[in-house]
Amino acid sequence: MNFGRYKRELSALLAYVALLLAVGVVAPSFFGAGNLRDMALNNAPVLLVAVGMTLVILVGEIDISVGSQFAVCSVAAGWMAKEGVPVALLLPAVILLGGLMGAVNGALVGYLRLPSIIVTLAMLVAWRDALRWTTQGAWVQNLPGNFQWFGLGQGVAQWLIVGGALAVLAAFSWMLRNLGAGRAVYAVGSDAEAARLAGIEPRRVVFGVFVLMGALTGLAALLNAVRFNAVPSNAGIGLELKAVAAVVVGGTAITGGRGTLVGTLIGAALLGTIGTALTFVGINPFWEKAIQGAIILAALVSDVALGHLDRVRAMGLTLGAARAK
Amino acid sequence: MNPTITQPEARELKVNAPWRERVFPNNEWVLIVVILAECAVFSVTGNNFLSRDNAFEITRLSVEIGLLALALTPIIITSGIDLSVGSMMGLAAVVLGGLWRDAELPMPAAIALTLAVGALGGWLNALMITRLNFPPLIVTLGTFSLFRGVAEGLTRGIENYSGFSQGFLFLGQGYVGGLVPTQLFVLIAAAAACWWWLHRTPYGRSLYAIGFSGEGARYAGIPVRGRLTFIYVLSGLAASLAAVVYVAHLGQAKSDAGTGYELMAITAVVLGGASIFGGRGTVLGTMLGLFGIVILQNGLRLSAQPAELAGILTGVLLVATILLDRLSTRARSQPRAAHTHAEDFEVRNSQVAILSAVILLGAAIVAGSNWMLVRSVREHAAAGGVPSSPGAAGAPAGQPARGGRKSVVALMPKAKGDPYFVSCKAGADEAAKELGVELLWDGPTDLDPAKQNEVVEAWITRGVDAIAVSVENKVGISTVLRKARQRGIKVITWDADAEKDARDFFINQATPQGIGYTLMDEAARITGGKGDFAIITASLSAANQNEWIKYIKERLAEKYPEMKLVAVQPSEGDRDRAFSETQTVLKVYPTVKLVMAIAAPAVPGAAEAVKQSGRTDVKVTGLSLPNMCKPYIKEGVIESIVLWNTVDLGYLTVYASNALAAGQLKGGDAGLTAGRLGKIEVAGDEVRLGAPFIFNKENIDNFDF
């Protein structure tokens with residue numbers, strides 16, 4: 001394996017290892033099988049969203065509407081299950097719904113060329129308020145018995161959820177590296193005009209990436225919802241920040257064109273571990289947010305310490321520097 | 001033109017451009033049309049929308065966000081972003097409170113130091129952005145967590161500084177000349193200074209150059225780093241200034257100040273025509289964008305339309321304005337690839353005309369449906385007697401409901417979407433129907449003390465007979481409730497009380513002490529008075545929960561020496577978070593035999609975690625709604641939950657409000673007849689619903705809410 005390819009993910013990995021070592025010394029019980037399984041299960045939905053977010057950021061866009069889409073998909077899954085839609089059909093239905101919401105973003109960003117941060121900011125507000133209006137805050141309760149764990153029982157289903165999330169990650173990782181469509185994502189993110197000249201249709205790539213983002217959000221919402229026997233109407237608040245943070249801590253350049261899903265996995269693992277780790281170590285939860293912020297910044301600073309100035313330079317002085325070219 | 005330069009559009013530099021292009025380089029005039037359309041619609045649908053008082057009230061509410069938006073304008077012009085401004089407000093607020101109360105500094109010194117802290121925070125952002133070359137989005141995402149986290153850490157989330165001097169509060173609550181809100185002058189001064197600086201000085205112009213091309217600006221001799229540092233410091237400064245105004249406005253300083261304000265401010269800036277890619281944006285546009293949003297929210301409220309429409313319409317407006325702008329820009333610079341910038345006015349004008357026609361049509365549709373809705377509501381009301389509108393000029397709001405006129409009762413929950421309050425609303429609707437009163441149900445969508453004040457202000461303007469508030473923030477809301485009373489509106493608090501002189505009656509379903517003691521007693525009963533337990537709370541800064549925890553601890557120390565509280569973990573009112581926190585608590589503290597969750601969504605979350613862990617020796621109790629917990633109570637995971645009948649609470653509140661407005665309920669009464677609840681005890685200025693109730697396996701099936 002060519003290790004050099006992943007040197008950009010190294011700083012996040014080092015931070016992660018350091019965190020694990022520190023926790024391991026203070027609270028070895030952290031590494032109990034039960035805890036690791038629970039953490040994997042709790043973070044699987046965020047990981048799926050982060051996979052989609054990686055694609056979106058790779059093409060040089062951003063999607064901050066995922067939290068609201070997640071909530072819409074969760075509630076829709078609950079409603080459908082309650083209306084008697086078979087559990088087997090929930091999966092395609094929710095993925096389709098997510099894909100449709102993603103397509104709205106994709107059409108506005110890809111084809112009408114509106115800035116993604118604005119479009120998804122608008123959708124963040126609009127979907128959330130539309131959902132509040134329709135549900136009036138009520139939860140979806142009294143779901144059929146086979147909704148929780150897809151009716152498969154906790155033991156099987158929880159491995160299915162974690163395994164499914166990792167399989168999606170592996171599949172997308174492989175596709176990004178080996179398929180033409182995957183390479184096109186990098187090409188568009190690096191230089192859309194050059195990609196166009198090379199015969200890639202950037203608009204279609206951007207559209208497709210947003211559709212995938214929506215579909216993955218739908219999948220994440222369903223896999224999260226089936227862990228319980230009721231669906232709250234306020235799920236996913238702040239999810240967009242978690243996903244973006246995981247992607248960026250994992251070494252993906254916010255300006256697009258650079259980054260890997262391996263990095264995203266590390267980033268998601270790192271951020272998903274902090275909260276639990278702090279409780280194990282016995283740090284007062286009042287400081288949790290501050291420490292989380294500090295770790296995000298530390299991961300950035302460690303980049304410099306590791307001498308990856310090339311990456312930092314490539315990120316440009318400002319957010320839009322790469323676009324202005 | 002030079003074909004190698006791709007972004008030479010600097011349109012504002014064209015001295016000979018037509019006036020419209022100079023004043024509105026980014027089609028900001030569209031916003032004026034939108035604002036006029038909003039005003040036109042709301043003057044028809046809203047009560048007292050077009051009044052002088054309301055105009056000033058709108059400006060008061062927009063000062064904090066306006067300051068943030070002004071600071072973000074230059075940042076976005078340089079193609080940067082600052083997500084940390086809302087969190088900085090929280091940090092600055094607690095610093096101000098701490099310096100004033102704990103360090104006992106005189107207020108001016110405390111303000112000066114707070115502003116310095118804000119500048120320091122901005123400088124931290126600037127340092128990482130300019131010296132380490134990190135993208136602003138990521139840096140400020142980090143400091144977004146960091147600043148809020150430090151604010152919570154410093155105050156343990158609990159500290160709520162209040163009791164500020166009248167002189168200071170005048171800044172946020174007073175009227176200059178009895179009319180103009182004081183803080184408006186802060187905004188005007190800031191906007192004027194910002195306008196001059198950005199549009200009339202070389203310094204401001206250089207920011208546009210940086211936004212177009214940072215590298216190009218550097219070659220042109222502009223000290224890019226220095227300028228960027230300055231604007232981020234300025235942003236921190238503006239955030240702390242906004243915090244000072246916020247504290248004076250609410251009369252309290254807490255770590256949750258300014259939550260979510262960054263998104264509102266960014267929305268205003270972008271709506272105002274600034275390009276997120278840099279190089280474009282005006283102060284005028286930002287101000288128009290700000291008022292576009294604020295008027296929309298205010299107008300919907302005065303029209304008694306669901307507040308959720310505001311979010312949907314803001315989203316639509318945002319996409320529509322940039323779409324219009326994009327299309328008109330594209331038309332202007334066709335053909336794109338050649339970048340010849342043929343000033344094809346004919347094409348552009350027709351395009352713009354068509355698009356504005358489309359937008360106006362859209363606005364007309366929205367307005368029309370709005371109007372129809374309101375008219376149908378009014379006809380409905382008229383069918384019951386005299387038309388319900390209290391009238392714009394003459395009959396002021398607070399006249400007691402007389403004879404056939406339908407009285408208007410306005411109820412506010414702490415948070416609209418919260419299932420707890422949803423169940424209260426069911427009872428309120430039932431009572432309103434029985435009594436034939438018009439019920440307004442509005443409030444913040446998330447816990448937000450500033451928003452509660454805003455809604456009460458709107459109700460005062462709109463004119464209602466009685467206001468009933470579930471108070472999130474005692475100090476903050478009391479000022480505005482007193483104002484409502486002065487205007488003759490009857491004021492009731494329910495669920496949680498305000499200061500005594502700010503309301504006529506309090507519907508008391510349980511005191512914090514009663515809740516805390518009952519929870520603790522129940523916990524002791526379940527565990528047999530021995531062993532460890534953990535609490536899952538809402539957010540660490542939630543005022544109610546913190547008060548309950550105080551009494552839980554008090555009772556614990558007093559009566560149950562063999563029990564021990566080992567952890568208090570936050571759930572942020574999110575079921576899934578409560579779930580994972582409980583999982584962790586069970587592993588870290590294996591001795592815990594009881595999890596007490598004291599937020600409605602947290603109880604089922606904790607119960608699911610206990611259930612999935614297979615730990616049958618651990619029980620769950622707490623404060624939640626019966627329906628949510630029913631499956632777990634039947635399975636025996638949740639031993640019991642403590643609450644009162646929330647449907648009855650909503651029901652009683654409407655009955656009491658109506659009786660008060662009609663003069664049937666007065667101080668000194670011993671009882672109140674409330675529909676199906678029968679005779680309810682009144683003691684002094686409190687209407688008593690009864691003590692907290694314990695739901696368990698035996699009685700849970702009797703309740704459905």
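What you see is a predicted model, and the numbers here were worked out from it, not measured in a lab. Only this structure's heavy atoms are used, side chains among them; waters, hydrogens and symmetry mates stay out. Sequence lines set the chain letters: A, B, ... in the order given, protein chains first and strands last, and positions in each chain run from 1.
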Asks: Within the structure provided, determine whether A:Ile117 and B:Ile266 are in side-chain contact (heavy-atom separation under 4.5 Å).
Replies: no

Asks: Heavy-atom pairs under 4.5 Å with chain B are the metric here; pick the option from A:Thr276, A:Ile291, A:Asn142 that has the most.
Replies: A:Thr276

Asks: Search all heavy atoms of A:Asn229 against all heavy atoms of B:Tyr632 and return the closest pair with its distance.
Replies: OD1-OH, 3.1 Å

Asks: Mind running side-chain contact (heavy atoms from CB on, under 4.5 Å) on A:Ile118 and B:Thr267 for me, showing each step along the way?
Replies: CA-CA 8 Å; A:Ile118 315 295; B:Thr267 310; over 6 Å; no

Asks: Evaluate B:Asp576 against A:Asn224 for side chain to side chain donor-acceptor pair (under 3.5 Å), listing each step before the verdict.
Replies: CA-CA 9 Å; B:Asp576 300 1; A:Asn224 185 55; 2.7 Å; yes

Asks: Might you work through the side-chain contact (heavy atoms from CB on, under 4.5 Å) test for A:Arg37 and B:Gln583, ending with a clear yes or no?
Replies: CA-CA 11 Å; A:Arg37 183 200 61 215; B:Gln583 281 186 327; 6.0 Å; no

Asks: Can you tell me which of B:Ala609, B:Ser87, B:Gly153 forms the most heavy-atom pairs within a distance under 4.5 Å of chain A?
Replies: B:Gly153

Asks: Crowded around B:Lys587 NZ? As in, over 12 foreign heavy atoms under 6.0 Å?
Replies: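 Counting other residues, nucleotides and ligands, NZ of B:Lys587 exceeds 12 neighbours.
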
Asks: Please report the shortest heavy-atom distance between B:Pro570 and A:Pro285, naming the atom on each side.
Replies: CD-CB, 3.8 Å

Asks: Working to the nearest 0.5 angstrom, can you tell me the gap between B:Leu141 CG and A:Lys242 NZ?
Replies: 13.0 Å

Asks: When heavy-atom pairs shorter than 4.5 Å are enumerated against chain A, which of B:Lys416, B:Glu581, B:Glu308, B:Glu572 gives the highest number?
Replies: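 Result: the option with the highest number of such pairs is B:Glu308.
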
Asks: Shortest non-hydrogen contact from B:Phe277 to A:Pro115?
Replies: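 Scanning both residues, the minimum pair turns out to be CZ-CB, 3.7 Å.
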
Asks: In terms of heavy-atom proximity below 4.5 Å to chain B, should A:Leu131 be classed as side chain, backbone, both, or neither?
Replies: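 Contact with chain B: none, neither part.
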
Asks: Might you point out which heavy atoms bring A:Ala138 and B:Val422 nearest each other, and give the distance in Å?
Replies: N-CG2, 4.4 Å

Asks: Is a side-chain N or O of A:Gln154 found less than 3.5 angstrom from the main chain of B:Gln612, in a donor-acceptor match?
Replies: yes

Asks: Under the criterion side-chain contact (heavy atoms from CB on, under 4.5 Å), I'd like the reasoning laid out for B:Ile312 against A:Val125: C-alpha separation, chi angles, the key distance, then a yes or no.
Replies: CA-CA 7 Å; B:Ile312 301 172; A:Val125 187; over 6 Å; no

Asks: Heavy-atom pairs under 4.5 Å with chain B - which of A:Arg128, A:Arg227, A:Glu193 has more of them than the others?
Replies: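 Maximum pair count with chain B is reached by A:Arg227.
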
Asks: Give, for atom CG of B:Leu309 and atom CH2 of A:Trp133, the distance between the pair rounded to the nearest 0.5 Å.
Replies: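 The CH2 atom of A:Trp133 is 4.0 Å from CG of B:Leu309, to the nearest 0.5 Å.
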
Asks: So which part of B:Pro631 gets closer than 4.5 Å to some heavy atom of chain A, the side chain, the backbone, both or neither?
Replies: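 When you check distances to chain A, only side chain atoms of B:Pro631 fall under 4.5 Å.
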
Asks: Is B:Val568 in contact with chain A via its backbone, its side chain, both, or neither, using a 4.5 Å heavy-atom distance?
Replies: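 Backbone only.
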
Asks: Between B:Glu152 and chain A, with a heavy-atom cut-off of 4.5 Å, which part of the residue counts as in contact: side chain, backbone, both or neither?
Replies: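 Looking at B:Glu152, backbone and side chain both touch chain A.
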
Asks: Kindly give the heavy-atom pair with the smallest separation between A:Asp129 and B:Ala310, and that separation in Å.
Replies: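 In this case the closest contact between A:Asp129 and B:Ala310 is OD2-C, 4.4 Å.
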
Asks: I'd like to know which of B:Val319, B:Val270, B:Ile322, B:Val150 tops the heavy-atom pair count under 4.5 Å against chain A.
Replies: B:Ile322

Asks: Report the option among A:Gly293, A:Ala235, A:Gly275, A:Ala245 that has the most heavy-atom pairs separated by less than 4.5 Å from atoms of chain B.
Replies: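 Result: the option with the highest number of such pairs is A:Gly293.
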
Asks: I'd like to check A:Leu241 versus B:Phe144 (side-chain heavy atoms, cut-off strictly below 4.5 Å). Are they in contact?
Replies: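 Yes, at least one pair of side-chain atoms sits under 4.5 Å.
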
Asks: So which of A:Phe228, A:Phe30, A:Trp287 has the largest heavy-atom pair count under 4.5 angstrom toward chain B?
Replies: A:Phe228

Asks: Return the minimal non-hydrogen interatomic distance between A:Asn42 and B:Ser580, and the atom names on each side.
Replies: ND2-CB, 3.2 Å

Asks: Please lay out, stage by stage, how A:Trp139 and B:Asn627 fare under the test side-chain contact (heavy atoms from CB on, under 4.5 Å).
Replies: CA-CA 10 Å; A:Trp139 289 21; B:Asn627 275 356; over 6 Å; no

Asks: Check whether any side-chain N or O of B:Arg575 sits under 3.5 Å from a backbone N or O of A:Ala230 as a donor-acceptor pair, and report yes or no.
Replies: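 Indeed, once roles are kept as given, a pair shorter than 3.5 Å links the two residues.
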
Asks: With heavy-atom distances below 4.5 Å as the criterion, would you say the side chains of B:Asp574 and A:Ile237 are in contact?
Replies: no

Asks: Between A:Ser29, A:Ala122, A:Gly238, which residue shows the highest count of heavy-atom pairs closer than 4.5 Å to chain B?
Replies: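 So the answer, after comparing A:Ser29, A:Ala122, A:Gly238, is A:Ala122.
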
Asks: Hey, could you give me the CZ/CD distance between B:Phe421 and A:Gln136, rounded to the nearest 0.5 Å?
Replies: 14.5 Å

Asks: Check whether B:Met128 gets within reach of chain A through its side chain, its backbone, both or neither, counting any heavy atom under 4.5 Å.
Replies: side chain

